[in-house]
Novice: 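The structure follows.
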Amino acid sequence: MDFQAVFLILQLDFSCPITMNIYTLLGDKTRQCLQALYQLQADDSLLQLQKTKKEFEGDLTLVVFPFIKAAKKSPEATAEEIGSWLLQHTPELSSYNVIKGFLNLSFSASYWLNTLQDIAGDTDFGLFEAGESAPLVMIEYSSPNTNKPLHLGHIRNNLLGFSLSRIVAANGCRVVKTNIVNDRGIHICKSMLAWQKWGKGETPESSGKKGDHLVGDYYVLFDKNYKQELAELQKQGLSLEEAENTSLLMQEAREMLRAWEAGDSEIRSLWETMNNWVYLGFDESYAKLGVDFDKIYYESQTYLSGKEKVLEGLDKGIFYRNEDGSVWADLSSEGLDRKLLLRADGTSVYMTQDIGTAALRFEEYPIDKMIYVVGNEQNYHFKVLSILLDKLGFAWGKDLVHFSYGMVELPEGKMKSREGTVVDADDLIEEMISTARETSEELGKLDSCSSEEAADIARIVGLGALKYFILKVDPRKNMTFNPKESIDFNGNTGPFIQYTYARIRSVLRKAEELGYRAQVQEQLADRLADKELSLIKNLYEFPVVVKEAGNSYSPAVIANYVYELAKEYNQFYHDYSVLYETNSDLRDFRILLSDQTAKVIRTALYLLGIEVPERM
RNA sequence: GGACCGGUAGCUCAGCUGGAUAGAGCAACAGCCUUCUAAGCUGUAGGUCUUGGGUUCGAAUCCCAACCGGUUCACCA
């Protein structure tokens with residue numbers, strides 16, 4: 001399966017409830033025009049209508065090169081002819097200009113003024129409600145292991161997953177956010193064993209450590225001792241492989257796993273205790289990040305159902321059994337290799353668990369589409385999972401979406417937990433918040449606020465900086481995080497956008513105090529400045545952007561849009577006064593324009609999971 | 001080695017369903033606070049879009065090849 005193509009699967013009908021889409025409108029007119037002038041039946045591939053580039057005058061640009069053969073005229077003459085026809089037959093248009101083979105068309109100011117009014121009338125502007133029969137989309141994200149705390153990679157996963165769920169919901173789908181916790185396996189046993197051996201009964205309470213960090217420390221401790229043991233064994237002349245097989249620590253860990261699987265009560269009890277420490281820690285991190293789930297699955301509860309499904313598949317002849325008793329899927333007809341599903345001793349592997357989880361999910365929810373937010377290192381895994389689920393008869397298996405995102409790297413390269421170069425999630429969040437607080441203090445922004453308010457604003461802004469930093473990047477690409485240069489608060493950043501919002505709110509509060517009303521008078525149309533018109537046009541684009549973000553599963557599309565919008569507003573804010581405008585009609589219009597800009601900024605940031613401060 | 005993904009300013013990133021002079025931010029430099037929040041605004045400088053072919057009226061964008069980087073091809077998860 002082509003994973004690029006999969007990104008385009010979610011095709012949802014939407015009609016802009018605000019106004020007739022200007023692309024549709026002009027597209028239809030242009031078709032009529034080409035028919036009338038040149039008897040040309042133009043299909044969509046010939047009709048190239050695009051947003052006019054900033055440096056030219058106009059709103060939409062028609063590329064006329066494709067029509068010059070039919071017109072039997074030069075590009076300029078063709079464009080001129082079409083432009084003239086369109087202007088005559090389209091009341092919404094006010095003018096056109098021709099540059100080379102490009103026909104730039106402008107909609108009238110009163111058209112845009114009406115558009116602003118329509119936008120203002122729609123409180124959920126840009127969001128498309130999910131009806132009862134809307135597709136049910138389940139989004140899996142986070143998926144942590146319970147042997148170590150969350151790090152920057154998990155942050156990217158969580159932020160992408162959470163934002164994606166809001167974007168998909170905004171595109172008119174019903175959404176279930178889900179998490180699959182990997183709470184069993186050899187890695188968990190390593191932490192448990194180390195704690196048993198060297199922990200001296202340490203608990204989160206006794207040490208004051210966050211539970212997930214405490215367990216993580218024992219995982220590291222295990223690794224340290226294991227490494228030491230390996231080194232000693234190698235000194236005695238064993239090869240690395242031999243040493244790994246001889247290691248007593250590892251043998252003990254494996255023994256513990258067997259005991260766990262056998263249901264040994266002491267081991268199970270320790271396991272539950274330590275996992276609960278971790279969950280309390282995770283809950284805290286999730287809460288701080290502002291992400292949540294509708295349904296959490298645990299692999300300890302799903303892996304057995306995976307075994308069942310695999311054995312069912314074996315009975316049906318979908319899979320086969322090897323001489324040693326292991327169970328395999330033959331994927332050679334799909335151009336892939338064979339894949340192990342159950343070991344000879346009957347224990348399950350990663351794939352088995354994912355099949356089991358999928359089966360349970362489908363029993364509980366009538367899923368139309370399943371989206372897995374998982375790093376791109378697992379592309380192959382999901383390719384195989386998709387095929388296997390399809391073979392097992394899950395309707396959504398074939399079209400499951402692996403939302404495959406890139407790694408977060410440090411300037412030196414990959415983060416490596418063993419080398420201690422991972423960026424801890426809790427630390428980073430704290431750091432962002434305290435940087436935000438320091439910045440506010442330096443600038444004296446929050447002197448008039450209560451300390452609770454100031455703390456909340458620092459939290460909102462610090463998290464906004466972190467979230468925007470991560471979400472503005474195309475999810476598919478690897479991204480670099482440099483811990484030495486802390487995340488910026490100026491320029492193309494979350495705080496920049498939040499600041500724009502806070503500024504507008506400040507103006508609006510004052511407008512309210514002064515008793516001004518946000519409203520539009522029709523006769524204002526010919527008095528509007530270019531900057532004001534272009535702001536309205538930016539607002540108008542929002543629903544299109546939401547749809548595009550949904551179709552391409554990309555929060556980055558929203559992020560780039562809202563940055564552009566904020567920048568546009570700041571320019572307007574710099575050049576024009578709102579409250580001191582002496583013409584009251586113009587003043588009231590600017591209040592409305594500001595109000596609507598704030599609304600769209602708030603909604604766009606909401607789709608990114610970023611909060612907005614009333615002041616900052 | 002096979003498969004997949006990426007390579008755009010010093011740095012971090014947009015732009016990629018082919019379209020006009022390749023855009024932002026950071027860093028650097030020069031300006032703008034007696035008017036609604038200067039976390040802002042304006043300007044200067046910075047580019048063989050990895051390379052070479054091809055398709056086209058037109059290529060950063062599509063195709064082919066090479067180079068570089070990453071991931072994966074586990075009875076790890």
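Note on naming: letters A, B, ... go to the chains in the order of the sequence lines (proteins, then strands), and numbering restarts at 1 for each one.
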Novice: Counting only heavy atoms not in A/Q251, do more than 12 fall under 6.0 Å of its CD?
Specialist: yes

Novice: Could you give the distance separating B/rA38 and B/rC33 at their C1' atoms, to the nearest angstrom?
Specialist: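 Approximately 6 Å lies between the C1' atom of B/rC33 and that of B/rA38.
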
Novice: Looking only at atom C1', what distance separates B/rG31 and B/rG18, rounded to whole Å?
Specialist: 41 Å

Novice: Is there a residue in residues 456-467 of chain A whose heavy atoms reach under 4.0 Å of RNA chain B, and which residues are they?
Specialist: A/V461

Novice: Expressed in angstrom and rounded to an integer, what is the separation of A/I558 atom CD1 from B/rA14 atom P?
Specialist: 15 Å

Novice: Give me the distance, rounded to whole Å, that separates B/rG10 from B/rG46 when you measure between the C1' atoms they each carry.
Specialist: 9 Å

Novice: Among the candidates B/rA77, B/rG23, B/rC36, find the nucleotide nearest to the side-chain atoms of A/L579.
Specialist: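 When the side chain of A/L579 is considered, B/rC36 is the closest of B/rA77, B/rG23, B/rC36.
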
Novice: Does OP1 or OP2 of B/rC75 have a side-chain N or O of A/S326 closer than 4.0 Å?
Specialist: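 For B/rC75, neither OP1 nor OP2 has a side-chain N or O of A/S326 closer than 4.0 Å.
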
Novice: Taking the chi torsion of B/rC33, is it syn (within 90° of 0) or anti (everything else)?
Specialist: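 Glycosidic conformation of B/rC33: syn.
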
Novice: Which is more 5' along RNA chain B, the nucleotide nearest A/E614 or the one nearest A/Q353? Just name the residue.
Specialist: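 Residue closer to the 5' terminus by nearest nucleotide: A/E614.
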
Novice: Please determine whether the number of non-hydrogen atoms from other residues, nucleotides or ligands lying under 6.0 Å from atom CZ of A/R517 exceeds 12.
Specialist: no

Novice: Once Watson-Crick and G-U wobble pairs under 3.5 Å are found, how is RNA chain B written in dot-bracket notation, 5' to 3', with | for any base paired to another strand?
Specialist: (((((((..((((.....[...)))).(((((.......))))).....(((((..]....))))))))))))....

Novice: Would you check if there is a donor-acceptor pair between the side chains of A/N275 and A/T146 at a distance under 3.5 Å?
Specialist: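 On atom types as modelled, these side chains qualify, holding a pair under 3.5 Å.
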
Novice: How far, in whole Å, is B/rG19 from B/rC62 if one measures between their C1' atoms?
Specialist: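 My reading of the C1' atoms in B/rC62 and B/rG19 gives 14 Å.
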
Novice: Looking only at side-chain atoms of A/M479, point me to the closest of B/rA20, B/rC13, B/rC57.
Specialist: B/rC13

Novice: Once you round it to whole Å, what is the distance between P of B/rG23 and CZ of A/F56?
Specialist: 10 Å

Novice: Between A/K445 and B/rU37, is there a contact of a side-chain N or O with OP1 or OP2 at under 4.0 Å?
Specialist: no

Novice: Please report, rounded to the nearest Å, how far the C1' atom of B/rG2 is from the CG atom of A/N379.
Specialist: 15 Å

Novice: What interatomic distance, in whole Å, is found between P of B/rG15 and the corresponding atom of B/rU71?
Specialist: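 Taking atom P in both B/rU71 and B/rG15, they lie 24 Å apart.
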
Novice: Could you state the CG-P distance from A/L443 to B/rA38, rounded to the nearest angstrom?
Specialist: 11 Å

Novice: Got a sec, which residues hit side-chain hydrogen bond (donor to acceptor under 3.5 Å, both in side chains) with A/E244, two or more places apart in sequence or on another chain?
Specialist: none

Novice: Applying a 4.0 Å non-hydrogen cut-off, can you work out what A/M616 is touching in the nucleic acid: base, sugar-phosphate, or nothing?
Specialist: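 The answer is base, as A/M616 lies within the cut-off (heavy atoms under 4.0 Å) of a base atom.
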
Novice: State which residues pass side-chain hydrogen bond (donor to acceptor under 3.5 Å, both in side chains) with A/E252; sequence neighbours excluded, sorted by chain then number.
Specialist: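 Once residues adjacent in sequence are excluded, the partners of A/E252 under the side-chain hydrogen bond (donor to acceptor under 3.5 Å, both in side chains) criterion are A/K197.
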
Novice: Any idea how A/Y303 and A/W260 line up, ring-wise: parallel (<30°), tilted (30 to 60°), or perpendicular (>60°)?
Specialist: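 If you compare the ring of A/Y303 with that of A/W260, the planes turn out tilted.
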
Novice: Kindly write out the residues that satisfy side-chain hydrogen bond (donor to acceptor under 3.5 Å, both in side chains) with A/N583, not counting sequence neighbours, or none if the list is empty.
Specialist: none

Novice: May I have the distance from A/N482 (atom CG) to B/rC13 (atom P), rounded to whole angstrom?
Specialist: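 So the CG-P distance, A/N482 to B/rC13, works out to 11 Å.
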
Novice: What is the distance, rounded to the nearest whole Å, between atom CD1 of A/I387 and atom P of B/rA3?
Specialist: 16 Å

Novice: Expected output is a numbered-order residue list: members of residues 563-572 of chain A with a heavy atom under 4.0 Å from any atom of RNA chain B. What is it?
Specialist: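 RNA chain B contact set from residues 563-572 of chain A: A/Y563, A/K567, A/N570, A/Q571.
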
Novice: When you measure from the side-chain N and O atoms of A/K477 to the phosphate of B/rG7, is any distance below 4.0 Å, counting only OP1 and OP2?
Specialist: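 Yes.
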
Novice: For B/rU61 versus B/rU50, give the span between their P atoms, rounded off to a whole number of Å.
Specialist: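 Approximately 8 Å lies between the P atom of B/rU61 and that of B/rU50.
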
Novice: Rounded to whole angstrom, note down the C1' distance from B/rC63 over to B/rC16.
Specialist: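 The answer is 15 Å between these two C1' atoms.
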
Novice: Does A/T480 reach a base, just sugar-phosphate, or nothing at all? Heavy atoms under 4.0 Å.
Specialist: sugar-phosphate

Novice: Ignoring the backbone of A/R503, work out which of B/rA77, B/rG40, B/rA14 is nearest its side chain.
Specialist: B/rG40

Novice: In whole Å, what is the span from the NE2 atom of A/H574 to the C1' atom of B/rC41?
Specialist: 4 Å

Novice: Can you see if the side chain of A/K100 gets near the phosphate of B/rU21 - specifically, an N or O under 4.0 Å from OP1 or OP2?
Specialist: yes

Novice: Would you mind reading off the distance between A/K339 atom NZ and B/rC75 atom P, rounded to a whole angstrom?
Specialist: 7 Å

Novice: Using the C1' atom as the reference point in each nucleotide, state the distance between B/rG25 and B/rG40 in Å, no decimals.
Specialist: 14 Å

Novice: Between A/T61 and A/N104, does any side-chain donor sit less than 3.5 Å from a side-chain acceptor?
Specialist: yes

Novice: Which is it for A/F496 and A/Y499 under the ring pair (Phe, Tyr, Trp, His ring centres under 6.0 Å) test, yes or no, and what are the steps along the way?
Specialist: CA-CA 5 Å; A/F496 171 90; A/Y499 176 70; 7.8 Å; no

Novice: Please confirm whether the shortest side-chain N or O distance from A/N492 to OP1 or OP2 of B/rC26 is below 4.0 Å.
Specialist: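 A/N492 to B/rC26 OP1/OP2: no side-chain N or O under 4.0 Å.
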
Novice: Is the phosphate of B/rU72 approached by A/Y380 (side-chain N or O, under 4.0 Å from OP1 or OP2)?
Specialist: no

Novice: Check whether more than 12 heavy atoms from other residues, nucleotides or ligands sit under 6.0 Å from atom CG of A/D530, and answer yes or no.
Specialist: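 Check fails, neighbour count at 12 or below.
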
